[in-house]
Amino acid sequence: MTARSTFETELEQLNLDLIKMGGMIEEAIAKSIGALETSDTNIANEIISADRTVDDMEKQIEARCLRLLMRQQPVARDLRAISTALKMITDMERIGDHAADIAELTIRLDSNKPLSMAQHIPEMADIATQMVRACVKSFIDNNLEQAKETIARDDEVDDLFNVVRDELIKTLSGESDAEKANQAIDLMMIAKYLERIGDHAVNICEWVVFYDTGLHKQTQIM
Amino acid sequence: MTARSTFETELEQLNLDLIKMGGMIEEAIAKSIGALETSDTNIANEIISADRTVDDMEKQIEARCLRLLMRQQPVARDLRAISTALKMITDMERIGDHAADIAELTIRLDSNKPLSMAQHIPEMADIATQMVRACVKSFIDNNLEQAKETIARDDEVDDLFNVVRDELIKTLSGESDAEKANQAIDLMMIAKYLERIGDHAVNICEWVVFYDTGLHKQTQIM
Amino acid sequence: GTSNTSASDKPSDTVSSGGTTPATELSGKVSTNGSTSMEKVVGALAEAFMQQNGGVDVTYDPTGSGAGITAAAEGTTDIGLSSRALKDTETGLTGTVVALDGIAIIVNKANPVKDLSVEQIAKLATGEITNWKDVGGSDGPVVMIGREAGSGTRDGFESITDIKDKAKYAQELTATGAIIAAVEANANAIGYASLSAVKETVKAITVEGVEATEATVQDGTYKVQRPFLMITKQGETLRPEVQAFIDFALSKDNAEIIVNAGAVPAVK
Amino acid sequence: MENMITTKDLDLFYGAFQALKKINLEIPEHEITALIGPSGCGKSTFLKTLNRMNDLVAGVKITGEVLYRGQDIFAPEVDVTWLRKRIGMVFQKPNPFPMTIYDNIAYGPRLHGTHSKAELNDLVEKSLRGAALWDEVKDRLKKSALGLSGGQQQRMCIARALSVQPDVILMDEPTSALDPISTMKIEDLMSDLKEQYTVVIVTHNMQQAARISDKTAFFLLGEMIEFSDTERMFSMPRDKRTEDYITGRFG
Amino acid sequence: MENMITTKDLDLFYGAFQALKKINLEIPEHEITALIGPSGCGKSTFLKTLNRMNDLVAGVKITGEVLYRGQDIFAPEVDVTWLRKRIGMVFQKPNPFPMTIYDNIAYGPRLHGTHSKAELNDLVEKSLRGAALWDEVKDRLKKSALGLSGGQQQRMCIARALSVQPDVILMDEPTSALDPISTMKIEDLMSDLKEQYTVVIVTHNMQQAARISDKTAFFLLGEMIEFSDTERMFSMPRDKRTEDYITGRFG
Amino acid sequence: MKLKKITEKIMNTVFFFCGMVAIASVMLISVYMVLSGLPAIKEIGLTNFLFGKVWQSTATEPKFGILPFILTSAYGTAGAILIGVPVGLLTAVFLSKVAPPKLANTVRPAVELLAGIPSVVYGLVGMIILVPAIAKAFKLANGSSLFAAILVLAIMILPSIISVSETALNAVPPEYEEASLALGATKIETIFKVSIPAARSGIAAGIVLGIGRAVGEAMAVIMVAGNVANMPKLFGSVTFLTTAVSKEMAYASGLQKQALFSIALILFIFIMIINVTLNLILKKGGGGEK
Amino acid sequence: MMVNHNHGKSQTANAFRLSKKRKSYDTVIKGLLYLAAFITFALLVGLIGYIFYRGLGNITWPLLSTSPSALKGTIGILPNILNTLYIILISLVIVLPLGIGAAIYLTEYATNKKLVWLIEFTTETLTGIPSIIFGLVGMLFFVQFCNLQTSLIAGALTLVIMILPTIVRTTQESLKTVPVSYREGALGLGATKWYMIRTIILPSTIDGIVTGCILAIGRIVGESAALLFTAGIGSVVAKNIFAAMTRSGGTLSVALYVYVFERGEFNVGFAIAAILMILVLIINFGAKAVNKKLKNKF
Ligand SMILES: Nc1ncnc2c1ncn2[C@@H]1O[C@H](COP(=O)(O)OP(=O)(O)OP(=O)(O)O)[C@@H](O)[C@H]1O
Ligand SMILES: Nc1ncnc2c1ncn2[C@@H]1O[C@H](COP(=O)(O)OP(=O)(O)OP(=O)(O)O)[C@@H](O)[C@H]1O
Ligand SMILES: [Mg+2]
Ligand SMILES: [Mg+2]
Ligand SMILES: O=P([O-])([O-])[O-]
């Protein structure tokens, strides 16, 4: 008989929830990029409504974490697991939001090939998706190395953001109509969202690092 | 003799830290708006370097929260206080970041009256600043009403964001040079940041509501 | 004639001198030790002696005749007291008869039997006669109550009735008083006890018609009797106060004391 | 869920001293109900009233009702031995009888008329399994129960309570004499127990109440101040006094 | 910070049974050091070695060194009564002597030669204040100490330990017999104490160790597995066994 | 510091000396018993002595067989236990568990009083009341008998059995009883199934005490048993080991006296054996519990 | 202690009732319990009643205040009363320090387990030895070997050996009930062993010691067999306690035996018995009062 098996079951459940939420945002972001590239408003709408579920998931996990803190007085690894979860879900939820944001803009863009204005957005999206996938995986596998690598990749996204920005400015300079300006601004926003998604993936990875090391952004906070 | 006075002192300290951090971001955002309006690069630089302090503060509070969770096994109000702190600081830190972002763009804009392109940015900035101030105050005073009011004001910022967006698109449609496009994109970003600042203020207020009610975004999570 | 009275002449001299000697000259302690049956006699003698000789302390330990003889032999007491004659094995000691004791044959007051012969008594004691009606009493079992082995009373009783080792008792009690009590409590009981202790509570029967009295004991007509002896070490000069006490006991003047104590003075 | 035990305006006096004041409480079936409160607030008194163990105390006066499955336990037709068979009890200090483990467990069944060897064997095994102790003691059933460790003894006492197949198990600070490891084992056992039984536990340890119970009642000076879902109690207690107590601001 | 007590390769045997194995520990001045570990791991044994209370047990053999302020406490020139005056002790169950509160506190000073009424009064007040008990008992100093509540008794015992002006106070599960409110009061008192004294506390309650101590040592089967800052211990223990124990995964 | 150490040393020595006195006393008793008891046994022969059925110490052909005494002591003690233990134990149970406090507080001092009554008083009353009563009740010629002795002894050991058993019963942790009651046992079932078994070592101790007292009692017995060296018969006059010694000691001399010491030695050994065996049983009983 | 809290008596038998078998078992046993208690109580009341009935009337002032006189044929028990007091005094003076000392040695000092076992075993043994054996050994050792004669002192010394275990045991029991925590408390403050014993242990043992004393007094008062052979039956008032010590002296119990058994003086016997009963009563109540007083102190 192992003591505290109830607690362990609960922790297990928390982990499963996180993995599930990770899967959800991973899917959301991948789908939203797909929709953007194919201008598929149906999928975009799906994503928007799926975001509700992610939000609910966040609250559910939040509640579970608080319940565990309240009932189980965790320390050490257990406490890190719960606080990691509590912090991580904010970023996950934001990634979900951004996926929805992108989906919304996809619906608004509603034209053929708006992406021609900013050819690097797909690449950016690709990397951001990869980062989200990697951060979720690093969490699931409790893979410190992968988390660190993912953190390092953020620069790529940031660089690409500037590239996209330049591309869009180039498009805008000289003559352009309101439609074009509108599209450019939306694309700019999408780029910003992708950049933020990268940031959030980094944040998640930083919590993965914390779970293992007690270090958060290089500072020992536990 | 009151029992647990050590714990109470620590909680008190946590509260003071939060108030201090609140003051810091309040100041940062106010200053960054001022710098933007007056194109004051000195102040902008100050803000950027001050953001470090906010980041440090975040980590310090994070560490304190974890220590309290680990050592004091808080429940009820105490647990809400600590988890509120733990969650709130993310938003506070983001507000600080955005203030720095705005300051950075202020430096880049570096020209006279770029704001003429988007006349509603000052108003937006004003409301965002008010919201930040209000959210910090609602937290300090544990003022549920104020928190709820502040949450309601987010719509104002969101609406203004669309106004600013339209203003910028108007500027960009027709002929424009790279310089102008650049400025417009930067202003767009500033608007986005202000919009996000409003969101973060809302988030903070939502935690204030949670502290009092156990409800987070209308859901009972504790 | 069982007493060893080899020193009977001498004491009478010292008696008179002892009796007249001013009491103040004597001091010290005289310890006596032995027969419990002699308690009353010795107690009375000692009390009277001490009244005359304020400086002398006479103590008495009722340990039993055997113990008294041993104590005298070992010198742990000044005077051993024995309610039986010295045995042949008990040598080196001088026994002085200070009194005679009648052994009363007692029955319950309700018992109609008044007189028994020595032979009848012997048969009752040995269990040959088991019912009172065989000796003229009413129908009822005979309950023979006697003293413990070693008792001077028992020794006296058994030797006179000549039933040594043959007596069958229903109870063996260790003291005179106990016998009287037992007989008093049991209608069919018969027992024997020192004459000095017998009171109204039980009935002393006549033996072959002779009642146990001072006179019949003294003159020997009452057969069931035994001597009271004071034992000292042979050939040893006694301390003056010890000698004085023995003399006091033998003195004719003090015969009254012995009589009052229920015994019969040895000297007439 | 049905209510297993309901108390209505329960007052209890020890002589002139009122130890319980108008307690109204509904203990639901198949749940763990925890009673907390400062020392002397009447937790144990309340618990012992539920199976009339307070009857043993001289000078106790009880008014109000206690219903067990709707039956008034103070009704004249209710025999207290029957009641106690239905409502078992586990005490603060492990109290194995000075007999073998087997005899300890078989004590109750024998008392209530089970004497068949096979049935007893069966019951002993079932009870010990129910208390998560079977594997640890199955090879030493005929050894003295006093040779068990404190935690094992307490689980044996739980098994003994189970042996008479009760409905409800009352526990008065069942882990306060145990070390943390044994405590955790018992806590863990309790969540298994509630699937078959209704459990009422008195505990000094608020964390324990928080960890294991479904409902919590907070007592203070003989009054029941608050009775809520445990989660509710430890997150948003209704009463200021409850909050002060659970957050350690009391006294 | 200076080390108040240092043990070097401390081994302790009860007859043939080794209760402590090569313990190397440095207890810093003006800090609270907590000793935790499962039942029977040697915590109490270790604690009692520090002021040689183990001397009382027959068949104890100790090797290795215990230095108090650099002085080997087992050296022949060390008088154990002196040592115990310097290193006071508070026990698991409050153990007031059956005398008045005043006499309880004055016992130690009288023992060590203080007999002046004024001095004693002074010491009694100072000690009781030090144990945060003065206000509660100042009007009943001449009443029996047995009339105090458990928590007050324990604080009185702390006051008694303070009365001989020790350097170090050893506490063996000082709150395990107390209710949560008294426990919290004593915990709170301890953080005051460390300003003047060095405190070593054995506790079964990991949360307590976490709450109050600066350093924590984890014992297992007579070995000291880990000795760290408490914060470190409860956040990132170095040893897997420590982590298993503090998170309740042990056994 | 030096003074302290010296005081410690002195006190240690003083107390050690006191402890030694206890040992010395037992040694003294044992040595004297053995030294004075052995010669007669040697002379008479152990078998003759122990198994001889006739005791005629002052006969011209003295016989020193003490089997009657041994058996009488054994039967007498057994009889007393047989009567005293049930009554005593039940009274103890009554006092400890059943009686209302007021009643218990009246009966308890009464029991203590019984314990305090000197044995001669028991003998006196036995002799005056019991012996004639027995004679009457059983239509005996003579009431002084083993039976009378048994009754007197039963009454005499009652207090020790009651008070020791009650103490043992009171010492049964209330937790045991609570546990039993909580399982649905009645008060009486609890007492007989839990309390008494749990207190068995204490109760056994009470019985030991009782046996010791019964075996060793002389003065009360001598007044009621008749004191004839018969083989034991319930309604016959008998002699116990103790009364055999005290009866003749005063007048004994020579081999008779030595034989009495031998009886005392046998009694002594008897007591030792009882003590040791029962201690062993006690320890065993206790061992199971700890 | 255990009064049932009844809410009324039942009329109907149904599922909630106790089975018939168990009910009757209960009733029968309860009956036996009351019977046993009644027997005990009746015995005592009868015994005491009878003794007082026969004895009280015979207690007269002359009986209490004079020595017996063979010349006058009067009986007085003053010497026996004095002897009883003397022998209590002497015995206690000797046995108390010894017994308490031995008990302290056993519980506080002795480290040698075998020695402790030996002493405990021997005291245990001593408690079991019948008083007649003490009497014999007292006679052989003190009276004869030490040549003390049959005297109060020989009797007192015999009693010392006899009650030593009682004192050792009760003191030891009471020492054992002094919580280890007191010792730890004192030693933890730096007390030496003797200081601890003096200030903490002995004061909290007083009630045990007093109880032991009272038990011992009870035994001395009631003892006859051991004293008959050692202290004798003397009944003379000595000049003082020292003079009394060197001569034979019978205590009240011995006198009772002697008057009844030797002399058949039943009235005197019952008078003494009544006096003894009163003494025992006083001793018992004294013990209780002392205990209560000591308990109340803390
Ligand atoms: N037999 C009794 N006689 C008189 N008063 C009692 C009795 N038992 C308990 N009390 C009193 O009743 C009150 C409640 O006691 P209870 O034992 O129920 O408290 P509790 O909450 O269990 O306390 P703890 O946590 O200390 O066990 C207390 O004030 C107590 O002193
Ligand atoms: N006097 C003794 N003689 C023999 N062994 C002992 C003695 N005291 C303790 N022990 C053993 O030494 C080991 C350590 O005991 P210790 O009392 O130090 O444990 P602990 O860690 O304090 O446990 P707990 O938490 O139960 O108090 C245990 O195995 C115990 O059985
Ligand atoms: Mg309680
Ligand atoms: Mg310990
Ligand atoms: O007591 P006696 O020796 O005289 O029978």
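In what follows, chains are A, B, ... by sequence order, proteins preceding strands, each numbered from 1. Just so it is clear, the values below take in all heavy atoms, side chains as well, and ignore hydrogens, waters and symmetry mates.
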(message) Using a 6.0 Å cut-off, check whether atom CZ of E/Arg69 has over 12 heavy atoms from anything other than its own residue.
(response) yes
(message) Less than 4.5 Å to any heavy atom of chain E: does that hold for the side chain of A/Arg77, its backbone, both, or neither?
(response) both
(request) Would you sort out whether A/Leu215 and E/Met236 count as a side chain to side chain contact (heavy atoms under 4.5 Å, CB included), showing the intermediate values? (result) CA-CA 10 Å; A/Leu215 288 165; E/Met236 295 288 290; over 6 Å; no
(request) Provide the closest heavy-atom pair for E/Thr247 versus A/Val75 in the form atom of the first, atom of the second, distance. (result) CG2-O, 3.8 Å
(message) Please report the interatomic distance CD(A/Gln73) to CE(E/Met206), rounded to the nearest 0.5 Å.
(response) 10.5 Å
(message) Surrounding NZ of A/Lys59 (heavy atoms of other residues, nucleotides or ligands, distance under 6.0 Å), is the total greater than 12?
(response) yes
(message) If I measure from the heavy atoms of chain A, does E/Glu231 come under 4.5 Å with its side chain, its backbone, both, or neither?
(response) neither
(message) Other residues, nucleotides and ligands only: do more than 12 of their heavy atoms fall within 6.0 Å of NZ on E/Lys93?
(response) no
